[in-house]
S.K.: 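Quick one: structure below, then a few questions.
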Amino acid sequence: MNYQDFLEKKRHSIGDFGFEANYIPDIAFDFQKFIIEKAVKKGRMAVFADTGLGKTLIQISIANNIVKQTNGKVLILTPLAVAFQFIIEAEKLGIDDIEYSKDGKFTKNIVICNYERLHYFNSTDFVGVICDESSILKNFNGKIKTELTAFMRKIPYRYISSATPSPNDFTELGTSSEVLGYMGYMDMLSKFFKNNQNDIDSNNMNIGDRWYLKPHAERDFFAWVNQWAMMIKKPSDLGFSDERYDL
């Protein structure tokens, strides 16, 4: 093996875990169709799209794709008071196979519940989980983050979505990667970051003061993030027109 082949084997490449999209809503804009197709093909992905770019439509469309492909059930987790926005958006799309559950009981294939009620549900009932407002995962010592990571561990299709991620906040990127089933948070730190205090205690809330991205690893790190996350503040970030979003 020559040195170039050796380096290629060390690349942090991630394959696809999904399938070709089978449902794209007619009312979706071109950049939204692109996101839906890419996310469905990926199978496990973070969609970090700014406010107003249609994350609810995108998430429902992804869920509907999974249902049509597998005939299985998808759980959508939301913060309090957000669940009914999904019901309203689904009505606009003509999707009625969706319901809100407070107690773990359901009859439809797309089920919505609040993060605080996740303990009522059994992960074996679902083939897909979509986490809305996923910045909740940033609290890497939090009860919900720990519970959610365990819940999603064996689920084939996993998605997280947020309008307020911090691309330079490696805590959030690490916990996002872990819940999607990619590199664990501490593994990410050891590969791409340097500790300036000679300890590996991840329970210290000032962890950002003790770890920094290795200068020579910056390109590889964000190339790795780009394999499982899509970040968009406006459609032109993906090569589409900003005409409707030029405020």
Side-chain angles (χ1 to χ4, degrees), residues 13-28 32-49 54-78 82-115 117-134 137 147-162 176-183 227-230:
S13 58
I14 299 171
D16 294 330
F17 301 91
F19 49 89
E20 297 293 337
N22 54 55
Y23 167 78
I24 302 293
D26 293 335
I27 65 173
Q32 293 170 339
K33 294 177 181 178
F34 175 83
I35 294 173
I36 294 167
E37 290 173 348
K38 183 170 182 178
V40 171
K41 178 75 172 178
K42 192 67 184 176
R44 303 204 308 255
M45 192 172 196
V47 178
F48 297 138
K55 287 185 303 302
T56 304
L57 178 148
I58 291 168
Q59 291 173 95
I60 293 175
S61 299
I62 291 171
N64 202 39
N65 270 276
I66 296 172
V67 171
K68 286 179 175 291
Q69 178 73 14
T70 67
N71 200 31
K73 301 184 185 301
V74 177
L75 181 66
I76 300 177
L77 294 163
T78 73
V82 176
F84 289 102
Q85 295 179 15
F86 281 81
I87 302 294
I88 293 171
E89 191 70 31
E91 290 177 354
K92 295 179 183 177
L93 298 174
I95 297 174
D96 56 10
D97 192 14
I98 186 171
E99 65 181 321
Y100 174 59
S101 173
K102 295 181 178 179
D103 55 7
K105 298 177 182 178
F106 51 87
T107 60
K108 303 294 181 73
N109 282 323
I110 302 176
V111 185
I112 305 170
C113 84
N114 303 126
Y115 283 104
R117 296 181 180 272
L118 179 61
H119 61 280
Y120 287 114
F121 295 83
N122 190 330
S123 63
T124 58
D125 291 332
F126 301 94
V127 297
V129 173
I130 298 173
C131 302
D132 186 43
E133 301 297 344
S134 62
L137 299 172
E147 184 180 7
L148 186 59
T149 301
F151 186 92
M152 294 176 68
R153 185 164 289 130
K154 294 185 179 181
I155 290 179
Y157 305 107
R158 315 173 201 176
Y159 297 89
I160 61 175
S161 181
S162 175
S176 296
S177 169
E178 187 168 341
V179 81
L180 288 173
Y182 296 121
M183 196 180 299
Q227 292 183 70
W228 54 264
M230 187 181 304

S.K.: Taking the six-membered ring for Trp, are the ring centroids of F19 and Y157 within less than 6.0 Å of each other?
M.R.: yes

S.K.: Looking only at heavy atoms, which two atoms of N22 and N65 are closest? And how far apart?
M.R.: N-OD1, 2.7 Å

S.K.: Which pairs would a plain distance check flag for residues 87-95, meaning a side-chain donor or acceptor within less than 3.5 Å of a matching protein atom at least two apart in sequence or in another chain?
M.R.:
none

S.K.: Regarding Y115 and D132, is there a side-chain donor-to-acceptor distance under 3.5 Å anywhere?
M.R.: no

S.K.: Closest heavy-atom contact between V67 and G72?
M.R.: CG2-O, 3.6 Å

S.K.: Evaluate the side-chain proximity of N114 to Y100: yes if any heavy-atom separation is below 4.5 Å, no if none is.
M.R.: yes

S.K.: On a heavy-atom basis, which atom in K42 and which in W228 lie closest, and how many Å separate them?
M.R.: CE-CA, 4.5 Å

S.K.: Test of understanding: with side chain to side chain contact (heavy atoms under 4.5 Å, CB included), list the residues that count as partners of A229, not counting sequence neighbours.
M.R.: A46, F48, V225

S.K.: Is a side-chain N or O of T56 found less than 3.5 angstrom from the main chain of F86, in a donor-acceptor match?
M.R.: no

S.K.: Does CG belonging to N71 count more than 12 external heavy atoms closer than 6.0 Å?
M.R.: no

S.K.: Is there a side-chain contact between F121 and S101, using heavy atoms and a 4.5 Å cut-off?
M.R.: yes

S.K.: Where do V40 and E20 come nearest, in terms of heavy atoms and distance?
M.R.: CG1-C, 4.3 Å

S.K.: Between K154 and R158, which heavy-atom pair has the shortest distance, and what is it?
M.R.: N-NH2, 4.1 Å

S.K.: For the residue pair R44 and Y182, what are the closest heavy atoms and their distance?
M.R.: O-OH, 2.7 Å

